[in-house]
Amino acid sequence: MSRLVLACFSIFFFCYGSILPAAAVRPSIAEKTKGLQKIEGYFPLYWDASEGKMWLEIAYWNREFLYMPSLPAGVGSNDIGLDRGLIPGAKLVLFERAGSRVLLIQQNEKFRASSANPLEEQAVAESFAVSTLWGFEVAAAEGDRVLVDATKFFLHDFVDIAQTLHAEDKGVYTLDDSRSAFYLPMTKGFPQNTEVEVTLTFAGTNPGAFVREVVPTPESLTVREHHSFIALPEAGYGPRAFDPRAGYFDISYRDYSAPLGEPIDKNLIARHRLEKRDPQAASGDPIHPIVYYIDGAAPEDVRQALFEGASWWQQAFEAAGFQNAFQVKVLPADIDPMDIRYNVVQWVHRFTRGWSYGNSIVDPRTGEILKGQVTLGSLRYRQDYLIFSGLLSPFGPSGQPPPQLAAAVYARLRQLAAHEVGHTLGLAHNFIASTHHNASVMDYPHPMIELSADGAPDLSHAYGTGIGEWDKVAIRYGYTQFAAGADEKKALSEILLEAARSGDISMTDADSRPLGSANPRSHLWDNGSDASAELLRILKVREAALARFGENSIPIGTPLSELDETLVPIYFLHRYQTEAAGKVLGGLEYTYALRGDGQLVAKIVPPDAQRRALRALLDTLSPQTLTLPERILKLIPPHPPGYRRNRESFPSHTGLTFDPVAGAEAAADLTASLLFNPERAARLIEYHARNTANPGLDEVIAAVAAKTWFAPAPAGLAGEVKEAADLAVFRRLLALAADTKGAPVT
């Protein structure tokens, strides 16, 4: 019987064995990749040109690393925000093997346990979910090494292009696999990172106006997305605690092993690793300096300005006890900017001007910055040239502008380079610095425009040179290396308190950007310690610039219609200082005070200062301020073919022709939006109730009405301008009354 069974089994296996499931007998990696192009790196890659596939070799299991999608070739519109060099953020991930499957798992760094007890760590890990980003099938194996087909993973839209366009109402797009492929020139491997780039095409319907401006066929939008696998740094980095007074970006998490009575929410600053060769030396050379490389794509004159501005940071590191710790070089031909080991300053182009960025790749576990990447928009310095041309009106009969014009542009570029590099060193904005000796390059600087002896605008001192005193304080806090046994927490606090006693403090975005914010000294693009006095001064500068404005404001041979775009920044020259003065009204002086540090906590702006601000703001609503002279109006014709109106043009209600009333309406609306901001109105009501010496909302409304509605109307164009300003005020007051979220307005 046993022989019969055996015989039957043999026949069955011979006939049908080939249809049984294989016992997971896989080829070796060498066999599977024979004839393929190998790309060595942190994770080796194998390119199969015949199939258009990218294979990924994995040898590290349950070892954390960073995965970072990015956008090396963007859409080209600042309004959309999908710019070249965009880094949405790095993810802490690991590969986990489960039989024939490999999972790419994003760790949850928001919740931790710093205890030495592994059971505490396990309890936290099992209490919160992780995210599995992708699953791969093992195609070949050799020992602990496996090979997976990563083609679909790399051709996936991890930057969320389609979702971004849809959310911004720019069109409905879907990824088209048939028009997407690998971009091999930028697919590379390095010792500490592996880089894969792909070309992705999105098919769209109903593309928005911003897409139509920059894409040749808007229904077919092609960009390049990039994938980076980055090794985490070696142990030995010492995290530094975040202090809200210090002006740094923070890495935050919740530590469930924190002792009772200590904060459970922890914050660390983001900073580069920097250590002295001699830790006991008061000042010395680092083991490894921080080096930044300037993009060779920048024009030579621009490159030199960027080099000089970025180099300012060496002054701050010297103040922190380091020599030769911060260096700037032009990127050599043999260094690839994609290599994680190199910090780069990148020069990018867009169709519309927009923000520059200072991004960092940061270890989310510790806050250590692994790479700084600065993205500078090339249209910025061209816009500065336009603004300064309008201010100086420098194009006389010779057609050659004075050296002062270009000098001011390059001075601005130096400051911009220093500012964005500062972000990649870990520093946040400091928008209060402009009110105290321009103490930080991390502020947004409005050019300091002076009037010469003959009353002409002068840009000789438009921008400062060198790093600010606050910047030295911030770098001292973040990078000072203390001697063994020092009380680091106490020493760091003393650095900040010493600065505060000298008037150097920090105030960042949330307290500065909103038009309804309260701090009277913290704002963007402003100057001076007294916002109201500076507003009156800048109005005089504006008046002087408009008095000189004319044909000399544009080069010879330029269509006169281009005076439209040159006039805009001059006519609205006072806008940012107007916003700054608006914060004095209903303002509250405060700092990021900690208990026991002796700093100012909170104090309502004195009544007389509020009323000075109100009077200065009312000056911006007067017909004398808002009305352009007939001399200028006669110079600006409609735009000819090839020079269409654009977003830099004056607003217009009159079709093709220049509209001086629409511009006045826009300027008046800005002031009215500040005066009748709901948050400001609520503070005016509250502060007057607390102390009747403070101006109340009723007083502000009455003063505005007297300046606008009840003031006599001048003749001619000024009368039309007054009517436009009156209407802007009425609309804003009506909107305040209808605001259901604000304080009751009676």
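- The closest side-chain heavy-atom distance from L617 to T578 is below 4.5 Å.
- Note that R542 lies in the cation-pi zone of Y571, set by a 6.0 Å cut-off to the ring centre and a 45° limit from the axis.
- In this model, no donor atom of one side chain and acceptor atom of the other lie less than 3.5 Å apart for E469 and H437.
- A cation-pi arrangement, defined by a distance under 6.0 Å to the six-membered ring centre and an angle within 45 degrees of its axis, is present between K276 and F322.
- At a cut-off of 3.5 Å, with distance as the only test, no side-chain donor of D443 or H429 sits close to an acceptor on the other residue.
- Counting heavy atoms of neighbouring residues, nucleotides and ligands inside a 6.0 Å radius, atom CZ of R341 exceeds 12 of them.
- Within the cation-pi definition used here (under 6.0 Å to the ring centroid, within 45° of the axis), R112 qualifies as a partner of Y253.
- Taking the six-membered ring for Trp and the full ring otherwise, the centers of F326 and W312 sit at least 6.0 Å from each other.
- Of the N and O atoms on the side chains of T625 and T620, not one donor lies less than 3.5 Å from an acceptor on the other residue.
- For CD of Q315, the number of neighbouring non-hydrogen atoms (other residues, nucleotides, ligands) closer than 6.0 Å is greater than 12.
- Counting only N and O atoms by type, the side chains of Y479 and R273 include no donor and acceptor under 3.5 Å apart.
- Between F249 and H423, the ring planes are tilted. Angles from 30° to 60° get that label.
- Enclosure of atom CD in E262 by more than 12 non-hydrogen atoms of other residues, nucleotides or ligands within 6.0 angstrom is indicated.
- The aromatic rings of F431 and Y444 stand perpendicular to each other, their planes meeting at an angle above 60°, with 30° marking the opposite boundary.
- Classification of E589 and K583 as a salt-bridged pair fails, no side-chain N sitting under 4.0 Å from a carboxylate O.
- Using a cut-off of 4.0 Å between Lys/Arg side-chain N and Asp/Glu carboxylate O, R612 and D608 are scored as salt-bridged.
- Between E686 and R683, no side-chain nitrogen of the basic residue sits less than 4.0 Å from a carboxylate oxygen of the acidic one, so the salt-bridge criterion is not met.
- Between N519 and D511, the side chains place no donor N or O within less than 3.5 Å of an acceptor N or O (distance only, hydrogens not considered).
- Remark: K472 does not engage D504 in a salt bridge, criterion side-chain N to carboxylate O under 4.0 Å.
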